[in-house]
Each structure stands twice: as structure tokens, then as C-alpha cells.
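Encoded as C-alpha cells, the structure appears first; notes follow it.
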Protein chains: 2
Amino acid sequence: MNIFRLLKKNKLFADFDDSEINKIFDCLHGHINKYSRGRVVAEAGNPVTEVGIILEGSAVKFIRKPDGELVNCGELEVGDMFGEVEGYAGDRTYRSSVVLAEDSTVLYISIPTIVKQCSKNCPHHQKLLENTLSCLADRIDVINNDAKYLKIKSMRGKISKLFYDKYLAQGTNVIHLGFNRNEMAEYLNVSRPSMSREMIHMKEDGIISYRKDEIVIHDVEKLAELANSAR
Amino acid sequence: MNIFRLLKKNKLFADFDDSEINKIFDCLHGHINKYSRGRVVAEAGNPVTEVGIILEGSAVKFIRKPDGELVNCGELEVGDMFGEVEGYAGDRTYRSSVVLAEDSTVLYISIPTIVKQCSKNCPHHQKLLENTLSCLADRIDVINNDAKYLKIKSMRGKISKLFYDKYLAQGTNVIHLGFNRNEMAEYLNVSRPSMSREMIHMKEDGIISYRKDEIVIHDVEKLAELANSAR
DNA sequence: AATGTTTTGTAGCTTTGGCAACAAAGCCAT
DNA sequence: ATGGCTTTGTTGCCAAAGCTACAAAACATT
């Protein structure tokens with residue numbers, strides 16, 4: 001296991017060099033645990049004292065509804081972390097439980113030591129703090145953007161905004177979704193057939209054409225207008 | 001102007017005592033500006049170097065759509081701030097412009113000095129950093145919860161979740177919304193008449209009754225079930 | 001009390017999009 | 001190629017919710 005390579009997948013450590021990563025185990029109280037599949041590494045309601053980072057394996061997040069039903073609310077892959085929001089918010093308890101989906105290795109870093117500067121004023125400590133801040137701020141940006149899709153009421157508006165955003169991000173008329181139809185429908189919070197139907201109309205109107213994951217934008221003007229005027 | 005009282009309305013300084021607030025002007029490079037109504041204190045696209053806090057007056061946030069149209073995307077009252085997300089996220093430029101709605105006083109605090117520990121390792125500096133982290137993390141919590149409402153598709157589900165959340169928060173069967181119907185409809189992202197219609201049905205079904213801002217929950221069980229099973 | 005203003009309730013009509021069910025096409029393996 | 005499996009396209013029906021417009025009530029102000 002190359003901990004250096006693995007950790008750099010994580011936003012908190014993306015710009016750390018190997019020697020800095022080594023220091024994590026000193027003043028940040030970093031420690032590594034190996035668990036087997038099915039292990040519950042975070043239990044909703046329990047206090048959060050550490051950020052956990054998946055170094056090997058994967059996990060699933062669950063929330064428990066009042067009626068007892070467990071609802072999958074996200075997957076964690078290598079480099080993903082848990083507790084990085086709950087550890088600073090509200091009453092500092094886990095909102096969701098994290099269950100390992102396979103045998104996994106988890107690196108923990110103590111939250112109080114991230115926040116409190118140690119006496120040495122180490123630069124890597126400083127860096128971690130800044131990264132934590134950007135990580136949270138970036139997250140807000142992402143969620144805010146996702147919420148925009150949800151607020152648009154018309155099917156055409158949702159689809160247009162998604163395609164237009166991808167167009168802006170990828171900078172070409174031929175965009176790749178990185179979604180299949182099901183996932184796209186789920187992301188936009190609509191039913192797949194209804195979405196499909198509207199995509200056909202947009203094709204008939206000469207705005208787009210598509211084949212599977214690949215969307216060709218024929219009328220960028222129109223798409224932009226639809227995306228921006230969408231209510 | 002009592003800067004101590006005013007600043008304590010802000011989440012970053014809520015737990016500061018007066019002597020600590022005074023130190024803001026030392027190592028945090030705090031400074032206060034007075035502006036007149038209409039002044040643009042933040043321009044979308046410009047780099048963010050400071051967090052701004054409204055001490056007197058109020059402001060409106062606008063985003064400019066590609067077609068040039070300005071869209072109101074939020075109001076700022078005394079104690080509210082701007083730049084506290086953009087200052088740490090992405091390319092650190094303002095997403096929106098902030099225009100003062102009346103003659104106002106604004107306190108600025110330099111972001112780099114919030115993040116970098118000064119040599120003195122002052123405790124208030126430390127506190128500010130922790131507050132910034134909780135502020136961002138709390139925000140994520142709030143947005144995440146708002147998004148839940150948007151994801152629920154049925155009218156009854158949205159209304160039920162809103163009322164149930166208020167019930168949990170207020171701990172009584174007689175809840176107060178803090179919304180008028182228009183605002184409530186806007187928050188749930190639905191049309192007011194449709195919402196009204198469904199509220200009537202829920203009344204007919206003996207789940208709730210209401211008069212203006214005051215909602216009485218007659219069947220908590222049922223409401224909970226509706227709120228939690230809502231898709 | 002009278003008047004204007006805002007908020008809330010009501011009704012009818014229309015559109016949208018959900019849903020179920022099925023068809024067609026792609027994609028793998030054997 | 002053959003048969004399973006997944007993804008995508010297609011259809012029709014129907015319920016849900018949007019919208020306009022208006023009525024009624026509540027509230028405020030003179």
C-alpha cells in the first residue's frame with residue numbers, strides 16, 4: 001500500500017509532498033486501522049472526533065429513518081472521507097452511519113488537532129487547515145449548484161441546464177455525460193421516460209442529438225437561453 | 001454604534017467578548033467603512049480577499065445571468081456577511097455582486113490573516129478559525145436539508161416534511177411557521193394555490209388544522225409517516 | 001366605520017410529467 | 001450465432017400540480 005499516492009487522492013492532502021504526509025503521524029495524531037467488510041466505522045448519533053479517510057476498500061453511508069428503515073445515502077471510494085462535515089457542524093455527531101462494503105483500510109486524523117495549532121506552527125498543519133476550509137467551501141458550491149437543478153421546474157429547463165453546464169465545463173459541442181440515462185434522471189430528480197421524451201422533443205427541435213453517453217449540441221444559443229431562463 | 005453588540009449577531013464572533021473583538025483590529029487587519037445606498041461592495045468575478053460583515057444597514061445579492069439580467073439571490077441584514085464562502089472556494093472570486101440597499105457600515109476582515117496563524121498564536125484568532133469552520137459546516141447542513149424538500153416530489157410530502165421538521169424543532173403540536181403562504185410556497189418551490197389546495201385536503205383528512213402562521217398538528221403519527229416516506 | 005392593502009382561500013382549465021409496460025438495441029458471455 | 005442481461009427508446013393513460021382569475025378575509029390607516 002502506497003499511502004502517499006492514496007492520500008493524494010484526498011482533497012485535504014492533494015498538495016502534500018511525501019515528507020509532509022509522514023508528519024501526519026506526529027502532531028496530527030494520524031493512525032491507520034484495517035477492518036473487514038461489514039464493519040460499522042461510524043454510527044449515526046455518536047460524537048465525531050476524527051476525520052476518516054478510506055485508503056483501501058470502500059464504504060456505504062446510511063441514514064436511519066425514524067421508522068427504522070435504512071436508506072443508502074452515498075458511497076465512499078478510496079480517497080473519500082467521512083466526518084469532515086459533521087466534525088465541525090452542529091452538535092458534532094454523525095448524521096449517518098458508515099459501513100464498509102469490503103475489507104478496508106482507514107486513516108484517522110484527530111479533528112481537535114487539525115483545528116488547534118500545535119506549538120511548532122508547522123507549515124503542513126497550516127496547509128491542512130486551509131485545505132479543510134476550501135474543501136468545505138467547495139462542497140457548498142457544489143451543493144448549491146445541484147440545488148439549482150432541483151429548483152428548475154420544467155423538464156426542458158433541467159436538461160438544458162445540465163447539458164449547458166457540461167458544455168461550459170468541457171468546452172466543446174460534443175459533450176460526454178458520464179451518466180447513463182437512469183443516473184441522469186436520478187440526478188435531475190425526474191422519471192427516466194419523461195426525461196427521454198423531452199430529449200426527443202429537443203432533438204426534433206434541432207437543439208441536440210445524441211447517442212448514449214455522447215451529446216452533440218447543435219444550437220448552443222438556444223440551449224444557453226433555455227438553461228438560463230429556466231424556472 | 002455598538003460594534004460589540006452588532007458583531008455578536010455574526011456567527012464568527014458570537015462567542016467573542018468585548019476585549020477579544022477589540023483585538024480584531026490588530027492582527028486580523030479589521031477595518032470599517034461607511035457607504036451610501038446603492039454602493040456595490042462586491043462585484044461578481046472579482047477576487048475575494050476579505051470577509052465583509054454588515055454592521056449597519058442592509059444589502060442585496062445579485063447574480064448576473066449570461067444574458068445580462070440581474071437576479072436577486074438573497075438579502076443581507078445586520079450581522080450577515082459576504083465572501084465567507086467564495087473566499088475559500090474554487091478560484092476565490094465572488095459568485096454574486098453585493099449592492100447596499102441603504103446607507104450601511106461594513107466591517108472587513110482579511111481572509112489570509114484569518115487562515116494564517118500569526119506568530120503570537122492568539123486565542124481569539126484560534127476561535128475565529130474554529131467558528132469559520134463550523135459556520136461553513138453548518139451551512140452545508142442547512143443546504144442539504146433544504147435540498148431534501150426540493151427532492152420530494154409530492155405536494156403532501158413536501159408540506160408534511162416541513163411541518164414535521166418544525167414540530168421536531170419546536171417540540172409542540174402547535175407550530176409557528178415564520179412564513180406566510182407565499183414564502184412557504186417559494187421555499188418548497190411550488191405554486192401557492194396548489195399548496196393551499198393540498199393543505200385543505202390534509203385538513204379534511206384530520207391531519208392538521210391552521211390559521212395563518214399557526215399550524216395545529218392533530219395526527220403526529222400520520223404526519224411523521226408522510227414526512228418520512230415522502231419521495 | 002370606511003377604505004385600501006395584503007394575505008389567504010377557491011375554482012376551473014390546462015399542461016406536465018409520473019408510471020407501467022413493452023419494444024428495441026447494445027453488450028457480453030458461452 | 002445464441003441466448004441472457006442491461007440500457008435505451010416508445011407509448012398511452014392519468015393524476016398531480018401549474019396558472020389565471022377572482023372572492024373572501026384579515027389587517028392597517030385614516
Side-chain angles (χ1 to χ4, degrees), chain A residues 75 148-163 166 174-218 225-227 229-231, chain B residues 75 148-163 166 174-218 222-223 225-227 229-231:
Chain A
E75 269 112 54
K148 279 193 212 143
Y149 290 108
L150 297 178
K151 283 192 180 177
I152 296 174
K153 282 181 182 161
S154 78
M155 185 64 79
R156 185 168 285 209
K158 283 176 198 265
I159 298 171
S160 297
K161 174 158 168 55
L162 178 63
F163 290 176
K166 295 274 181 194
V174 182
I175 58 175
H176 288 267
L177 290 182
F179 277 155
N180 67 26
R181 292 295 125 90
N182 259 319
E183 292 163 339
M184 176 174 157
E186 198 174 334
Y187 179 63
L188 297 181
N189 204 38
V190 296
S191 83
R192 189 187 58 76
S194 303
M195 185 185 80
S196 231
R197 185 199 290 147
E198 188 58 36
M199 282 176 69
I200 291 165
H201 294 157
M202 291 174 72
K203 177 153 60 174
E204 286 166 357
D205 291 353
I207 303 169
I208 55 170
S209 65
Y210 51 87
R211 187 183 159 277
K212 298 204 63 188
D213 178 59
E214 186 179 285
I215 313 283
V216 182
I217 301 173
H218 296 292
E225 188 203 314
L226 286 168
S229 67
R231 299 266 133 236
Chain B
E75 268 113 53
K148 279 192 212 143
Y149 290 109
L150 298 177
K151 283 190 181 178
I152 296 173
K153 282 182 183 160
S154 78
M155 185 64 79
R156 184 167 287 209
K158 283 176 199 263
I159 297 172
S160 298
K161 173 157 168 56
L162 179 62
F163 289 175
K166 295 274 181 194
V174 182
I175 58 174
H176 288 268
L177 290 181
F179 276 156
N180 66 26
R181 293 296 125 87
N182 258 318
E183 291 163 340
M184 176 175 158
E186 198 174 332
Y187 179 64
L188 297 180
N189 206 36
V190 297
S191 83
R192 187 187 58 77
S194 303
M195 186 185 81
S196 231
R197 186 199 288 146
E198 189 58 36
M199 282 177 69
I200 292 166
H201 294 157
M202 291 173 73
K203 178 154 56 174
E204 287 165 357
D205 291 352
I207 303 169
I208 54 170
S209 65
Y210 50 89
R211 185 183 160 278
K212 297 206 64 190
D213 177 59
E214 186 179 286
I215 314 283
V216 182
I217 301 173
H218 296 292
K222 184 81 184 178
L223 190 72
E225 187 204 314
L226 285 168
S229 67
R231 302 264 132 240

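Below, chains carry the letters A, B, ... as their sequence lines are ordered, and counting in each starts from 1.
- Rounded to whole Å, the distance from CD on B:E183 to P on C:dT6 is 14 Å.
- The residue among A:S154 and B:R181 whose nearest nucleotide of DNA chain C is located toward the 5' end is B:R181.
- The distance from atom CD of B:E204 to atom P of C:dG9 is 13 Å, rounded to the nearest whole Å.
- The CE-C1' distance, from A:M155 to C:dG17, rounds to 6 Å in whole Å.
- Atom CZ in B:F179 sits roughly 15 Å away from atom P in C:dT7 (whole-Å rounding).
- Atom pair B:M199:CE and D:dA16:C1' shows a separation of 18 Å (rounding to whole Å applied).
- Residue whose closest nucleotide on DNA chain D sits further toward the 5' end, between A:K153 and A:P193: A:P193.
- Within 4.0 Å of B:Y210, counting heavy atoms only, lie sugar-phosphate atoms of the nucleic acid but no base atom.
- Checked against C:dT7, D:dT8, D:dT11, the side chain of A:R192 finds its nearest nucleotide in D:dT8.
- Across the protein-nucleic acid pair, B:M184 atom CE and C:dG9 atom P stand 10 Å apart, rounded to whole Å.
- The separation between A:K151 atom NZ and D:dG18 atom C1' is 18 Å, rounded to whole Å.
- Distances shown here put a side-chain N or O of A:S196 below 4.0 Å from the OP1 or OP2 atom of D:dG9.
- Rounding to whole angstrom units, CG of residue B:L177 and P of C:dT7 are separated by 15 Å.
- For the pair A:I200 and B:M195, nearest-nucleotide mapping onto DNA chain D gives the more 5' position to A:I200.
- Note that CD1 of B:I208 is 13.0 Å distant from NZ of B:K222, once rounded to the nearest 0.5 Å.
- Side-chain proximity of B:N180 to C:dT10, D:dT8, C:dT7: nearest is C:dT7.
- Applying the 4.0 Å criterion to OP1 and OP2 of D:dG9, one finds that A:K212 has every side-chain N and O outside that range.
- Applying the 3.5 Å distance criterion, the base of C:dG12 shares a donor-acceptor pair with the side chain of B:R197.
- Taken to the nearest 0.5 Å, the CE atom of B:M202 stands 9.0 Å off from the CD1 atom of B:I217.
- Minimum atom distance to the side chain of B:R211 is reached by D:dC27, of the listed D:dA17, D:dG9, D:dC27.
- In this structure, the separation between OH on A:Y210 and CG on A:L177 is 11.0 Å, given to the nearest 0.5 Å.
- Closest to the side chain of B:S191, out of C:dA11, D:dT8, D:dG18, is D:dG18.
- The side chain of A:S194 lies closest to C:dG18, out of C:dC19, C:dG18, D:dA21.
- No salt bridge links A:R181 with A:D213; every basic N to acidic carboxylate O contact stays at or beyond 4.0 Å.
- Contact of the B:L226 side chain with the B:I207 side chain is registered, since non-hydrogen atoms from C-beta on lie closer than 4.5 Å.
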